[in-house]
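To start, the structure itself, in structure tokens.
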2 protein chains.
Amino acid sequence: MPRRTKAEAEATREALLDAAEDVFLEKGVSRTSLEHIARHAGMTRGAVYWHFKNKADLFHAMLDRVKMPLQQIIDDITAERQASGPLNTLRLATLHAFEMLERPRSCRVHTILIHRCEFISDINPVELQNRLASDCREVVRRCFQQAHDEGLLIDEVTPDVATLMLHSMIGGLVHDWLRTPDNYSLSAHGGEAIDNLFYLITRHAQV
Amino acid sequence: MPRRTKAEAEATREALLDAAEDVFLEKGVSRTSLEHIARHAGMTRGAVYWHFKNKADLFHAMLDRVKMPLQQIIDDITAERQASGPLNTLRLATLHAFEMLERPRSCRVHTILIHRCEFISDINPVELQNRLASDCREVVRRCFQQAHDEGLLIDEVTPDVATLMLHSMIGGLVHDWLRTPDNYSLSAHGGEAIDNLFYLITRHAQV
DNA sequence: ACACGCATACATACATGAATGTAAATGCCA
DNA sequence: TGGCATTTACATTCATGTATGTATGCGTGT
């Protein structure tokens, strides 16, 4: 059994995570055995246990390889708050999250999270999503509140309604797209829907 | 083992399906054993196998107990096409689907389908959802096309964009709600978002 | 109405395979 | 040489599907 360098061990760990992405995506998390992941990576099951405590640990490590789209939106909003106005901030943050999500690994991992897993030991993917959704909704609502206070939203749309509409549309676009990510571009289609929504709720100068 | 009457046997079958809903919801489909379902129903595993071929068969029977929200929308649109104008037809169909989804069994079964299962033998829940989504999108798009042809949509919104927005919003609202169905009313919140969307895309008389 | 025999609707037993986690072995390199 | 990063071996549990057992309902004939 050749002893490995640190770099080689790290490469093994990455190979296992890559394999997990592929196999989880293909078979779903529950029906994937650690043996299968190991073989897919050209290793044995012992190597999986050397690097990860169990399937849940492996799953967590896989999730940590990407940033959640809603977390991406929160970060962008927080970072760009003063940059280009609240509505544009929101819009750009959403479009950016779509772009990030279209990266192969992000797409894979999020498909697994949304469509390929139920519970993993003590991990509840639904709660994970819920927490992020709540956080994001709050950040978005504050941004819409600011837009409203600055008179940028049309009168008929409150910050709460705007938040509800944007948030649900993002969720629907992402879930739909993740079901068949090769069929169309999230950025293009999703971006179009989002741009239209912002157009509709934005107060335009009267001419 | 006393032989049961036909009515009793049917009651057993229903009890098993009820148990499946409860246990699948609690533990996810993959991690639920048929033994657990049987016990939950006060039966043994033999009873499950008498009534259902396997877990997939049981799962299918459970799904057949409810109508999918998107199928509900398709049916309503098809049935009410000439009734009250395309936009109102769409709107009412959507609100109706939300109402139906709020029924306890519908809520349970859809939560299981969306958030509690990966693959079940040869069943792919994602494909199931995809097929319905495609069908519904097509029906909705035709309805929006009709509205557009009758000059009911504002100029800036094409039937395709309207379809994309409505469809993704419905999806997002439903997915979000199913994660915490006890926290708020889908009909109320979802209905509000939908009403606002229709308000925004409808051409209003100029005064 | 009653008796009989078959079939049903379960409960229980059996056989098997798969997956997990842990322990022990391995070989190489710092 | 010791220890690391793996491979291999071991022990156990769980879940599945199938086979078998059981007591009664049901249908039919008298």
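Throughout, a chain's letter reflects where its sequence line sits, starting with A, and its residues are numbered from 1. Computation of the quantities below employed the complete heavy-atom set of this structure, encompassing side-chain atoms and omitting hydrogens, waters and symmetry-equivalent molecules.
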So, is [X] near the phosphate of [N], with a side-chain N or O under 4.0 Å from OP1 or OP2?
X       : N      : result
A:His51 : D:dT6  : yes
A:Trp50 : D:dA5  : yes
B:Thr12 : C:dC10 : yes

Length of the line joining [X]:[atom1] and [N]:[atom2], which is rounded to integer Å:
X       : N      : atom1 : atom2 : answer
A:Phe52 : C:dG21 : CZ    : C1'   : 17 Å
B:Arg39 : C:dC10 : CZ    : C1'   : 12 Å
A:Arg31 : C:dA18 : CZ    : P     : 14 Å
B:Glu10 : C:dT8  : CD    : C1'   : 15 Å
A:Lys27 : C:dA19 : NZ    : P     : 8 Å
B:Leu58 : D:dG17 : CG    : C1'   : 15 Å
B:Lys53 : D:dG17 : NZ    : C1'   : 11 Å
A:Met43 : D:dA5  : CE    : P     : 13 Å

From the set [options], return the single nucleotide nearest to any side-chain atom of [X].
X       : options                : value
B:Ser33 : C:dT20, D:dT8, D:dA15  : D:dA15
B:Tyr49 : D:dT16, C:dA9, D:dA5   : D:dT16
B:Ala47 : D:dG25, D:dT7, C:dA11  : C:dA11
A:Leu34 : C:dC10, C:dG21, D:dT7  : C:dG21
A:Lys55 : D:dG25, C:dT20, C:dA11 : C:dT20

Polar contact flag, side-chain donor to acceptor under 3.5 angstrom, A:Asn196-A:Glu192: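 There is no such pair (donor and acceptor under 3.5 Å, judged by atom type) between the side chains of A:Asn196 and A:Glu192.
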Side-chain donor/acceptor of A:Arg45 to base of C:dG21, under 3.5 Å: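 In this structure, the two groups form a donor-acceptor pair.
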Earlier contact from the 5' end, DNA chain D, for A:Gly46 and B:Thr32: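 Residue closer to the 5' terminus by nearest nucleotide: A:Gly46.
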Sole residue of B:Leu166, B:Val161, B:Leu153, B:Leu152 in side-chain contact (heavy atoms from CB on, under 4.5 Å) with B:Ile201: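 By the side-chain contact (heavy atoms from CB on, under 4.5 Å) criterion, B:Ile201 pairs with just one of B:Leu166, B:Val161, B:Leu153, B:Leu152: B:Leu153.
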Sugar-phosphate only, base, or nothing, as touched by B:Thr5 at under 4.0 Å among non-hydrogen atoms: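 It contacts sugar-phosphate atoms only.
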Test item: B:Cys107 and B:Thr111 side chains (from C-beta on) under 4.5 Å apart, heavy atoms: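 They are in contact (side-chain heavy atoms under 4.5 Å apart), so the answer is yes.
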Flag side-chain contact, heavy atom, 4.5 Å: B:His60 against B:Phe52: no
B:His189 NE2: over 12 foreign heavy atoms closer than 6.0 Å: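 Counting other residues, nucleotides and ligands, NE2 of B:His189 stays at 12 neighbours or fewer.
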